[in-house]
Undergrad: 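Could you have a look at this structure, given as structure tokens, before my questions?
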Amino acid sequence: MALRAAAVEGKLGDLGADQIPAEVVIDRPKNRDHGDYSTNIALVLAKPAGVAPRVIAELLVKALSESADIAKVEVAGPGFLNISIAAAAAGALCRTILSELGGYGTGDRLAGTRVNLEFISANPTGPLHLGHTRWAAVGDALGRVLTAVGAQVSREFYINDRGVQMDRFGESIMAAAHGLPAPADGYHGAYITELAHEIVELKPELLQLPESEQAVAFREEGYVRQLAHQQRVLDEFGTHFDVWFSERSLHSSTAVDAAFAKLREQGHVYEADGATWLRTTDFGDDKDRVLRKADGELTYFASDTAYYVDKRSRGFDICIYLLGADHHGYVGRLKATAACAGDDPERNVEVLIGQMVKIIEGGEELKLSKRAGTIITLEDIVERVGVDAARYTLIRYPVDTPMTMDVDLLTKRTNENPVFYVQYAHARISGVLRNAIEVGVSAELSGFDPALLTHEREGDLLGILGEFPRVVASAAELREPHRIARYLEELAGTYHRFYDACRVLPLGDEEVGPLNNARAVLCASTRQVLQNGLALLGVSAPERM
RNA sequence: GCCCCCGUAGCUCAGGGGAUAGAGCACCGCCCUCCGAAGGCGGUGGCGCAGGUUCGAAUCCUGCCGGGGGCACCA
């Protein structure tokens, strides 16, 4: 595709001269009649060149039609250039896919960029709920997508293991251990009693401790178990973290002091009313934030700030935060904090805000979890629909739109259910390829003749297979893993239509011919791309269903 | 009051300035003696409103209307 830029330069010398863009935007037209690819370059250049778009387009047509890979070039509408690729050139894509295998679709757009991806970051005081589950799926997929374009990604879970919530947690378990109801504003739910029983069984001596020590002891025991529980649940969900970062560790190390020193150095820290403040209003925040309260205690904001400074000191170029909609107020202060630390808030900090998730079953919204008492947990979801369906459907929507998970839909095995639609395509191809071996049709590249793939549906399939790398790149760039899912649905549909129209294996006692082989190669290529895409979502690609 | 998100088909939602705005469901009608019908094909039907930028706007900007969420020396 790059050949054209050179061709243009000489002929457009008329007026445009050297302001010809290095890259030309090439689209896949929605309408098949407009060729395999199209470009608006003539429309874009018309104004600066002072030449009618169609004149420029005609020049390009001449240059392009010299290529053997291009079957047809046409000027259409106001000056669009519609390009059709020769079958042989289009089919050669299968060679690329089947030699790159799992590497097909990856790129180097973010090579050398170090990304810190923080998500979920729940308190270790209870089970993970529906909102966390969305992040568990999306955050993990985003990590995979960023990695696929070359970024060095560290996934981090920030453990809020400090502060009054932890104390309430300890007190609640202690109360349960004594058979008492949870204190006001304490934690409820069956899991608290379970934790209490478990701890008492193992360490009955805790019950003899003085009350204040006892609450601390229960807090710590509960903390260890609840965190381990979250880790296990996430592990089973297929979401893995590189770093579990404890808020306490910020305070036991020199991180907080280091962060304060850095901020003072930049001149944005001041004292007022006995408290220590960060002047975030210097950078657009609506009010300054307290770092250390008048009573000497550090605020939660102080921890956040120290954590951010720590991330940057560990060498991350971009710190991505995935937060729930109820935290959108953080965006301003997070960016301002970065600015206070001397960073570029536009480049170094990115915040993705996730909207609410609802879950319905039998037409009714689910609100109760047996175990957690009130909230729907990650485990409740997995129990109902399984890991694949949960992950897929949570990733399938842009995070900034509220979404509803429909349990009944997700357990259906029809094309209403996008997870199964995509997985089914994979299983279907797997079945065809299994049969191919039996009847002696080869899906190997040796002897593959791409020029045989001339059917319209074959062309459609090749076209969409070729788009995969661009989809991955844009999903990474826009931090939108849902694009992968949408692409896979389109790919699956295109395959089903191909399958319907193009017989892969010979019928009855027909001889095996080169077209059978070529189509089998196309099937294998499609299966590979489905696998690669599903892998980016952390969803399995079953051989059979 | 200030801030964030969202208004696209009857429903659930896609759509990074491009040509005739897509998919699933729902409704009507088709396609299996043979590769997985867990599928495919055809029909019906839509960008909240008003301006602006542009050769071109669902997309970018402003205002309005309608819905959801958020404001802390809490965590």
Side-chain angles (χ1 to χ4, degrees), chain A residues 25 27 29-31 33-34 38-40 43-44 46-47 52-53 76-80 82 123 125 160 162-168 185 247 272-277 286-295 297-303 324-332 353-356 396-404 406 409 412-418 420-421 423-425 427-436 438-439 441 474 477-478 480 482-483 485-486 489-490 492-493 495-510 516 519-520 523 544-545:
Chain A
V25 179
D27 285 322
K30 290 175 204 159
N31 188 334
D33 297 338
H34 295 148
S38 76
T39 175
N40 61 354
L43 289 164
V44 174
K47 196 158 194 183
F80 288 102
N82 295 332
N123 294 332
T125 55
N160 295 133
R162 207 170 154 275
V164 306
Q165 290 304 325
M166 287 299 287
D167 294 335
R168 286 177 188 157
D185 62 18
E247 183 184 357
D273 307 328
T276 305
W277 299 70
D286 49 0
K287 59 187 76 162
D288 289 340
R289 306 290 167 177
V290 173
L291 288 165
R292 189 186 298 279
K293 294 190 258 184
D295 64 9
E297 281 293 303
L298 288 164
T299 60
Y300 192 84
F301 174 68
S303 298
D326 53 341
H327 285 68
H328 92 265
Y330 278 32
V331 180
I353 296 296
Q355 295 295 321
M356 308 241 314
R396 191 174 176 257
Y397 301 93
V399 292
D400 55 9
T401 66
M403 62 162 293
T404 303
D406 184 337
L409 177 77
K412 273 189 195 166
R413 297 160 79 80
T414 70
N415 64 358
E416 297 173 61
N417 180 354
F420 281 92
Y421 187 71
Q423 288 185 320
Y424 172 68
R428 193 183 213 188
I429 298 173
S430 300
V432 172
L433 293 176
R434 277 193 298 271
N435 296 337
E438 275 175 37
V439 299
V441 170
S474 66
E477 202 178 311
L478 298 169
E480 291 183 340
H482 79 272
R483 286 168 186 273
R486 300 290 171 163
E489 288 163 32
E490 207 182 318
Y495 179 79
H496 289 312
R497 284 185 283 280
F498 152 79
Y499 175 90
D500 200 54
C502 300
R503 177 87 201 177
V504 178
L505 304 180
L507 263 176
D509 353 299
E510 280 175 14
N516 298 117
R519 284 179 174 168
C523 286
R544 291 187 163 86
M545 298 176 70

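Naming: A, B, ... by sequence-line order, numbering from 1 per chain.
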Undergrad: Applying salt bridge (charged side-chain N to carboxylate O under 4.0 Å, His left out), name anything that partners Arg486(A), two or more places apart in sequence or on another chain.
TA: none
Undergrad: Applying the Watson-Crick and G-U wobble criteria at under 3.5 Å, what pairs with G18(B)? Answer none if nothing qualifies.
TA: C55(B)
Undergrad: Figure out the CZ/C1' separation between Arg428(A) and G36(B), and round it to whole Å.
TA: 6 Å
Undergrad: Collect all protein-nucleotide pairs involving nucleotides 9-16 of chain B in which both atoms are nitrogen or oxygen and the distance is under 3.5 Å.
TA:
from	atom 1	to	atom 2	distance (Å)
C13(B)	O2'	Arg486(A)	NH2	3.0
A14(B)	OP1	Thr401(A)	OG1	3.1
G15(B)	OP1	His482(A)	NE2	2.8
G16(B)	OP1	Arg483(A)	NH2	3.1
G16(B)	N7	Arg483(A)	NH1	3.2
G16(B)	O6	Ser474(A)	OG	3.2

Undergrad: With nearest nucleotide decided by heavy atoms, which residue, Arg413(A) or Arg168(A), maps closer to the 5′ end of RNA chain B?
TA: Arg413(A)
Undergrad: Could you check how far CG of Asp326(A) sits from P of G68(B), rounded to whole Å?
TA: 17 Å
Undergrad: With sequence neighbours excluded, what pairs up with Asp295(A) under the side chain to side chain contact (heavy atoms under 4.5 Å, CB included) test?
TA: Lys293(A), Glu297(A)
Undergrad: Write down the distance separating the P atoms in C60(B) and A14(B), rounded off to the nearest Å.
TA: 14 Å
Undergrad: What integer number of Å spans the P atoms of G17(B) and C13(B)?
TA: 24 Å
Undergrad: Does His328(A) contact C3(B) through a side-chain donor or acceptor facing the base, at a distance under 3.5 Å?
TA: yes
Undergrad: For Arg497(A), what residues pass the side chain to side chain contact (heavy atoms under 4.5 Å, CB included) criterion, not counting sequence neighbours?
TA: Arg457(A), Thr494(A)
Undergrad: Which whole number of Å gives the distance between the C1' atom of A37(B) and that of C31(B)?
TA: 9 Å
Undergrad: Please measure how far the C1' atom in U44(B) lies from the corresponding atom in A9(B), and state the result in whole Å.
TA: 10 Å
Undergrad: Could you pull out all residues at least two apart from Ser303(A) that satisfy side chain to side chain donor-acceptor pair (under 3.5 Å)?
TA: Glu247(A), His251(A)
Undergrad: For G16(B) versus U59(B), give the span between their P atoms, rounded off to a whole number of Å.
TA: 12 Å
Undergrad: Within the 4.0 Å heavy-atom criterion, would you say Ala425(A) contacts the bases, only the backbone, or no part of the nucleic acid?
TA: nothing
Undergrad: For Asp288(A), what residues pass the side chain to side chain contact (heavy atoms under 4.5 Å, CB included) criterion, not counting sequence neighbours?
TA: Tyr270(A), Trp277(A), Arg279(A), Thr280(A), Thr281(A)
Undergrad: Please report the closest heavy-atom contact between Asn415(A) and Tyr421(A), naming both atoms and the distance.
TA: CB-CD1, 3.2 Å
Undergrad: Taking CG from Asp400(A) and C1' from C4(B), how many angstroms apart are they, rounded to a whole number?
TA: 11 Å
Undergrad: With nearest nucleotide decided by heavy atoms, which residue, Ala492(A) or Ala275(A), maps closer to the 5′ end of RNA chain B?
TA: Ala492(A)
Undergrad: Would you check if the side chain of Asn516(A) reaches a backbone N or O of Val441(A) as a donor-acceptor pair within less than 3.5 Å?
TA: no
Undergrad: Rounded off to whole Å, could you give me the CD-to-P distance for the Gln355(A) and G68(B) pair?
TA: 13 Å
Undergrad: C1' atom, A58(B) versus A50(B): distance in rounded Å?
TA: 16 Å
Undergrad: Is any side-chain N or O of Lys287(A) closer than 4.0 Å to OP1 or OP2 of C73(B)?
TA: no
Undergrad: Side chain to side chain contact (heavy atoms under 4.5 Å, CB included) with Pro29(A): which residues, sequence neighbours excluded?
TA: His34(A), Ser38(A)
Undergrad: Checking Arg483(A) now: which residues fulfil salt bridge (charged side-chain N to carboxylate O under 4.0 Å, His left out) with it, not counting sequence neighbours?
TA: Glu480(A)
Undergrad: What heavy-atom pair brings Ala485(A) and Arg396(A) nearest, and what distance separates the two atoms?
TA: CB-CA, 4.1 Å
Undergrad: So what does Asp406(A) touch, heavy atoms closer than 4.0 Å: a base, only the sugar-phosphate, or nothing?
TA: nothing
Undergrad: Please report, rounded to the nearest Å, how far the P atom of A72(B) is from the CG atom of Asp288(A).
TA: 13 Å
Undergrad: Between protein and nucleotides 24-27 of chain B, what N or O pairs are separated by less than 3.5 Å?
TA:
from	atom 1	to	atom 2	distance (Å)
C25(B)	OP1	Asn415(A)	OD1	3.1

Undergrad: What interatomic distance, in whole Å, is found between C1' of A72(B) and the corresponding atom of G56(B)?
TA: 49 Å
Undergrad: Between C11(B) and G51(B), how many Å separate the two C1' atoms, rounded to a whole number?
TA: 32 Å
